[in-house]
Each structure stands twice: as structure tokens, then as C-alpha cells.
Visitor: 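Below is a structure I'd like to ask you about.
Numbering of residues begins at 1 and proceeds along the displayed sequence. Computed from heavy atoms alone, side chains included, the values below leave out hydrogens, waters and symmetry copies. Both ligands and their constituent atoms are indexed starting at 1 by order of listing. In this text, all values refer to a predicted model and were calculated from it rather than measured experimentally.
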Amino acid sequence: METMPDFTPSLIVHGGAWDIPDADVAADLEGCRRAAEIGWAILQKGGSALDAVEAAIRYLEDDPIFDAGVGAWLNAAGEVELDAIIMDGETLDNGAVAAIQHIRNPISVARRVMEHTPHSLIAGHGAEQFAAAQGFSLCDESELLTGHELERWKIIKGKTNYKVEESFGGTPHGTVGAVARDKDGHIAAGTSTGGTPNKLPGRVGDSPLIGCGCYADDMSAGASATGWGESIMKVVLSKTACDLAANGSDAQSAAEKSIGVLADRVQGLGGIILIDQHGRIGQAFNTPRMARAWIEDGQVIAKVDK
Ligand code: ASP
């Protein structure tokens with residue numbers, strides 16, 4: 001019987017767009033590099049794109065340098081609310097959680113939503129209850145916080161008349177994402193974030209929304225986006241990039257053109273990583289920097305600058 005030849009696996013991860021401060025660059029590069037190695041090891045052993053994406057993102061969520069899982073930004077009420085999505089390009093199945101609290105690895109809860117419910121997106125308290133029912137342990141909010149965010153949380157928690165303007169601002173950066181294609185040619189993508197600093201409680205950005213922060217279709221491409229969520233949503237950035245790939249653009253030009261649409265149509269700011277149906281990698285951003293790492297000729301390459 002004839003067997004299908006294996007496809008060459010591909011993988012790219014990101015650790016967020018924006019003007020990453022010089023002081024964070026080394027840690028961002030190391031985090032992305034390590035996450036790429038973890039995802040790549042799974043693909044090398046014949047594992048699925050979904051498993052590679054989930055494992056890479058779990059690593060990035062656990063690394064406090066990134067705004068996802070541990071290390072997430074606080075919202076205006078001094079709470080951590082996390083968003084995550086994962087999508088399977090073979091079936092177009094997808095699962096997401098939005099504004100979920102007390103969870104260290106929302107990407108894994110998103111995968112349970114995809115695989116164990118008839119739903120695509122579960123938000124807020126319901127998402128937390130679902131996670132607990134699925135056996136995820138709920139953590140104290142302070143366990144998700146480090147550095148300035150922990151200091152800010154302590155100040156906010158002790159005050160009744162706290163004003164958002166008093167908070168430790170900071171440039172928003174550190175959303176994470178991954179896209180992989182496995183030896184069977186299946187593409188998967190995922191994105192996870194704490195959102196933007198000082199967001200209103202309950203605010204949900206592009207990240208957990210299908211087509212906006214993430215999309216994957218074996219017939220076109222897989223993509224994960226980062227940047228100014230409200231502008232990314234307007235142009236449904238990840239789906240726009242995948243459609244460009246379906247219509248003949250290679251991964252790099254699909255990534256560049258989609259960021260062109262974001263900039264030209266809504267003056268948006270952001271970045272995107274992409275793997276097309278041929279396994280080619282694309283990456284583009286119009287923010288000063290975007291942390292990312294990918295595999296080229298079996299080697300990990302990590303960068304924050306163009
Ligand atoms: N897109 C994320 C959001 O708007 C933030 C980011 O990627 O920096 O929640």
C-alpha cells in the first residue's frame with residue numbers, strides 16, 4: 001500500500017510586539033528560544049502540531065517575562081484576567097477562554113474547551129468553573145504576579161480609593177503565541193495573553209477571538225497575532241493573513257501584507273507570525289520590536305529587531 005510521504009515540520013513562536021525595553025531583550029530572546037526548542041522537540045519525535053503549540057505556549061506562560069500566565073499585567077481593578085485560544089487547522093476546531101482568573105496555563109484550558117465541550121469560547125467565572133471541573137488547580141492571584149505588577153497589586157489591594165493613573169504604567173508587551181506544522185502536514189496555532197495593562201475589568205482583546213488573535217487552516221496557513229487588540233479585531237488580522245496565503249501569497253508576503261492592511265486601513269499597530277500550507281514561515285510587525293524564535297535548517301533563531 002502506498003503511504004503518504006512525511007511533511008517537513010515547521011515552528012515559530014512569539015513573545016509579543018511593542019517597544020520591548022533593552023533591559024528585557026535577553027530574557028525575551030531566551031524565553032522564545034526555549035519555547036521553540038520545546039515545541040520543536042515534540043515535532044521531531046513525530047508529535048502533533050497541536051501538542052507542539054500547547055507545550056511552547058505553556059512554557060511562555062510560565063516565564064514571568066511575558067504577559068501571559070505568570071507575569072500578566074493587571075487590569076484597572078488590580079486583577080489578572082487572561083485570554084487564550086488554540087486552533088486545529090485539520091478540522092478547524094478551536095477552543096478559547098476569555099477573562100479567566102486564577103489559572104496558570106490558560107492555553108491548556110482553551111484546549112479542553114476545544115476537545116471536551118461543544119463550545120468555542122468560555123468567558124469569566126464560567127471559564128474558571130469549567131477549568132476547576134476539568135481538574136486544573138486554581139491559584140491565588142498573587143502567584144501570577146511578579147516584580148512591578150506584584151508591588152502594584154499589593155498597593156491596590158490595600159486601598160479603597162485607588163486611582164488607575166497612580167499605577168505603574170509601562171509599555172504593553174509580552175503576549176505569546178505559536179504556530180506549528182507537523183509531519184502529517186497539519187497546522188495548529190495558539191495565542192495567550194494577560195491583555196493590555198489597566199484594561200477595564202472584563203475587557204477582551206483580539207487574542208482569544210478566532211480569526212483575530214489566531215487562526216489555523218491546513219488549506220491556507222496558521223497565524224498568531226500580537227499588538228493593539230482593538231485595531232487587530234477590526235481587520236480580523238490572523239484570518240486576513242491566512243486568506244492572503246490561500247490566495248497565492250507565500251508566508252512572508254502574507255504576513256507583510258496583513259500588517260499593511262492593519263496599518264493602512266485602521267492605523268493599527270501589531271505583529272504576526274505565520275506558517276503556510278507549504279510549511280514556509282512568515283513574520284512581520286510595525287511596532288518597534290517583536291520577540292520571536294523559529295526553526296531554520298534545524299537551528300533555533302531568535303530575534304526582537306527586524
Ligand atoms: N493583543 C493583545 C491585546 O490586545 C495585547 C498584545 O498583543 O500586546 O490584548
Visitor: Evaluate the criterion salt bridge (Lys or Arg N to Asp or Glu O under 4.0 Å) for residue pair Asp51 and Arg111; output intermediate values, then yes/no.
Guide: CA-CA 10 Å; Asp51 284 346; Arg111 185 159 179 187; 2.7 Å; yes
Visitor: For Asp206, is at least one N or O under 3.5 Å away from an N or O on ligand 1?
Guide: yes
Visitor: Side chain or backbone, does Glu230 bring an N or O within less than 3.5 Å of an N or O on ligand 1?
Guide: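 Such a contact does not occur with ligand 1.
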Visitor: So which of Thr193, Asp83, Ile57, Leu82 actually passes side-chain contact (heavy atoms from CB on, under 4.5 Å) with Pro106?
Guide: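 One option only clears the test, and that one is Leu82.
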Visitor: For Trp18 and ligand 1, does the shortest N/O to N/O distance drop below 3.5 Å?
Guide: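 Yes: some nitrogen or oxygen of Trp18 is under 3.5 Å from one in ligand 1.
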Visitor: Under 3.5 Å, N or O to N or O, is Gly227 touching ligand 1 that way?
Guide: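 N/O-N/O distance under 3.5 Å: yes.
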Visitor: Could you check Ser10 against Trp294 for side chain to side chain contact (heavy atoms under 4.5 Å, CB included), going step by step and ending with a plain yes or no?
Guide: CA-CA 8 Å; Ser10 320; Trp294 68 98; over 6 Å; no
Visitor: Give the atoms of ligand 1, by number and element, whose distance to some non-hydrogen atom of Thr175 is under 4.0 Å.
Guide: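 Those atoms are 2 (C), 5 (C), 6 (C), 7 (O), 8 (O).
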Visitor: Surrounding NE2 of His125 (heavy atoms of other residues, nucleotides or ligands, distance under 6.0 Å), is the total greater than 12?
Guide: no
Visitor: Which Ile, Leu, Val, Met, Phe, Trp or Tyr residues join Val236 in one cluster when any pair of side-chain heavy atoms under 4.5 Å counts as a link?
Guide: none
Visitor: Does the side chain to side chain contact (heavy atoms under 4.5 Å, CB included) test come out yes or no for Val13 and Arg292, once each step is laid out?
Guide: CA-CA 5 Å; Val13 307; Arg292 71 261 186 224; 5.8 Å; no
Visitor: Going by the rule side-chain contact (heavy atoms from CB on, under 4.5 Å), which residues pair with Lys234 if we only count those two or more places apart in sequence or in a different chain?
Guide: Val266
Visitor: Could you tell me whether Thr226 approaches ligand 1 through its side chain, its backbone, both or neither, with non-hydrogen atoms closer than 4.0 Å?
Guide: both
Visitor: If we only consider heavy atoms of Gly16, is any one of them less than 4.0 Å away from an atom in ligand 1?
Guide: no
Visitor: Quick one: does Gly229 get an N or O within less than 3.5 Å of an N or O on ligand 1?
Guide: yes
Visitor: Does the ring of Phe7 carry Lys183 above it, NZ/CZ under 6.0 angstrom from centre and within 45° of its axis?
Guide: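 Judged by the rule (NZ or CZ under 6.0 Å from the ring centre, within 45° of its axis), Lys183 is not positioned above Phe7.
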Visitor: Have a look at ligand 1 and work out which part of Met290, if any, has a heavy atom under 4.0 Å from it: side chain, backbone, both or neither.
Guide: neither
Visitor: Please list, in number order, the atoms of ligand 1 under 4.0 Å from a heavy atom of Gly195.
Guide: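 The list of qualifying atoms is 9 (O).
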Visitor: Side chain, backbone, both or neither: which part of Ala225 has a heavy atom under 4.0 Å from ligand 1?
Guide: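 No part of Ala225 is near ligand 1 at this cut-off.
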Visitor: Determine, using heavy atoms of Arg203 and all atoms of ligand 1, whether some pair is separated by less than 4.0 Å.
Guide: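 Arg203: in contact with ligand 1 (<4.0 Å).
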Visitor: At the 4.0 Å heavy-atom cut-off, does Ser207 count as touching ligand 1?
Guide: yes
Visitor: For Cys214, which of Val53, Ile86, Ile85 qualifies under side-chain contact (heavy atoms from CB on, under 4.5 Å)?
Guide: Ile85
